Amino acid sequence: MKITMLGTGAALPDPDRAQSAILLTLDEDRHYLFDCGEGATRQMVRANVDPAKVGFVFLTHLHHDHICDYPYFVISSWILNKEGSPLVLGPKGTKHFVDHLFENGAYHTDFQARAAYPVRQRNLEAMRPEVREVKPGVVFEDDKVRISVDWVEHIPRDVCECFGVRVEAEGKVIAFSGDTAPCEAMVRLAKDADLLIHECTFPESFIAHRAKTGVGTYAHTSPTDLGKIAREANVKSLVATHFGHFDSTSPVLKRAAAKHLPVDLMGPHLMDEIVADIRKNYSGPLRLAHDLMRIDL
């Protein structure tokens, strides 16, 4: 199997990182997409994957940096001659999100205009996603893969449910955290996994700054806690991702982040701090994600 890290950034428009999106590719080019943040569709093409061939999407939660490329993905797949309805799974609220996008929503005019052409009329179902809102447990299984999810702790559940994911396929186990504070559910999902892909949004120094200034809310996993999760779950390999722009040198991002991050500390050197703090508790194979990173299992 192959995992492609399509997007490894967070909520801001980062010139060096697309937003959260992970593509799992099994034998016979069977593709499963987890999250669909900004840039996901373009990154698929850069990775030599036809978006029209990706028939499964799981949305871990409904923050914009995990879903905002979804309409572009569906429309692009339609234009690329996708056949049949795309399948999307996600938390409560996913149906409301999807119902307000296409022929009865924000892209109604685009749908009407393109649907006037016979070549588009032949695959209108490609613009009519099948939506399944899920709860903890096994949410999908076919002849290739078994996918289980559980609630993790990112934003209040009455605002939006947030899921972590466990994928079993081709004799391997991959776990993906979505966005979350440290929680026992994620340890369970990642138990003995061959690969854990886990958010690591801020280095410890930035977390301390945010706690001191009281700016914003914090519901992410620190590098130190990530090491603890990986050790407790006994994972064979760890990939840290969803980096919150702390490594950026962009003047635009620094100006935008000035009210909630210590921008004078920003830069690529902070990746060394991330590694050092993860290593306090985890000694196994470790990688820091970058866009289009390929992982073969």
Side-chain angles (χ1 to χ4, degrees), residues 6-7 9-13 18-24 32-41 51 54-78 84-108 110-111 125-141 147-167 175-181 183 185-186 188-189 197-199 201 216-221 241-242 244:
L6 300 176
L12 296 179
Q19 293 177 343
S20 184
I22 298 170
L23 187 69
L24 170 65
Y32 302 82
L33 179 65
F34 297 89
D35 283 340
C36 196
E38 183 278 325
T41 308
V54 179
F56 174 97
V57 178
F58 184 88
L59 304 176
T60 62
H61 65 294
L62 300 179
H63 266 156
H64 85 276
D65 53 320
H66 295 253
I67 65 172
C68 70
D69 210 58
Y70 183 71
Y72 184 56
F73 162 72
V74 171
I75 295 169
S76 297
S77 297
W78 184 38
S85 297
L87 174 63
V88 56
L89 283 67
K92 182 180 178 181
T94 301
K95 189 174 189 308
H96 175 84
F97 166 63
V98 174
D99 284 350
H100 288 76
L101 288 177
F102 303 118
E103 61 186 295
N104 298 312
Y107 293 95
H108 169 74
D110 187 86
F111 177 85
E125 292 305 307
M127 285 286 284
R128 294 166 178 163
E130 177 188 347
V131 181
R132 299 180 191 172
E133 295 187 348
V134 304
K135 294 195 176 297
V138 177
V139 297
F140 183 83
E141 190 167 10
I147 300 173
S148 307
V149 305
D150 202 354
W151 285 316
V152 293
E153 305 301 329
H154 179 47
I155 51 181
R157 205 167 295 163
D158 60 344
V159 176
C160 181
E161 299 166 340
C162 304
F163 287 107
V165 184
R166 180 181 178 93
V167 180
F176 171 46
S177 67
D179 285 3
T180 184
C183 63
M186 201 59 234
R188 291 194 300 270
L189 288 168
I197 303 170
H198 201 291
E199 70 115 287
T201 307
T217 58
Y218 182 74
H220 292 287
T221 299
T241 191
H242 196 269

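The shown structure was predicted, so the numbers you read here are calculated from the model rather than taken from an experiment.
Judged as a side chain to side chain contact (heavy atoms under 4.5 Å, CB included), and not counting sequence neighbours, the contacts of Ile197 are Ile3, Met5, Ile22, Ile174, Phe176, Leu195, Val239, Thr241. Listed by chain and number, the residues in a side chain to side chain contact (heavy atoms under 4.5 Å, CB included) with Tyr72 are Thr41, Asp69, Ser76 (sequence neighbours excluded). Remark: Lys95 pairs with Asp99 by the side-chain hydrogen bond (donor to acceptor under 3.5 Å, both in side chains) rule, at least two apart or across chains. The ring pair (Phe, Tyr, Trp, His ring centres under 6.0 Å) search around His198 returns none, not counting sequence neighbours. Listed by chain and number, the residues in a side-chain hydrogen bond (donor to acceptor under 3.5 Å, both in side chains) with Glu133 amount to none (sequence neighbours excluded). Take Phe102 and apply the ring pair (Phe, Tyr, Trp, His ring centres under 6.0 Å) test, not counting sequence neighbours, and it matches no residue. Scored by the side chain to side chain contact (heavy atoms under 4.5 Å, CB included) test, Tyr107 finds Pro71, Ile75, Asp110 as partners (sequence neighbours excluded). For the side-chain hydrogen bond (donor to acceptor under 3.5 Å, both in side chains) test, no residue two or more places apart in sequence or in another chain qualifies with His96. Scanning for side chain to side chain contact (heavy atoms under 4.5 Å, CB included) contacts around Leu33 gives Leu6, Ala21, Leu23, Cys36, Met44, Val54, Val57, with sequence neighbours left out. Listed by chain and residue number, Asp150 satisfy the salt bridge (charged side-chain N to carboxylate O under 4.0 Å, His left out) test with Arg188 (two or more places apart in sequence, or in another chain). Every residue was checked against the ring pair (Phe, Tyr, Trp, His ring centres under 6.0 Å) condition with Phe58, not counting sequence neighbours, and none meets it. By the side-chain hydrogen bond (donor to acceptor under 3.5 Å, both in side chains) test, Ser148 is found to be paired with no residue, residues two or more places apart in sequence or in another chain being considered.
Taking the six-membered ring where tryptophan is involved, the planes of Phe56 and Phe140 are tilted, since the angle between them lies from 30° to 60°.
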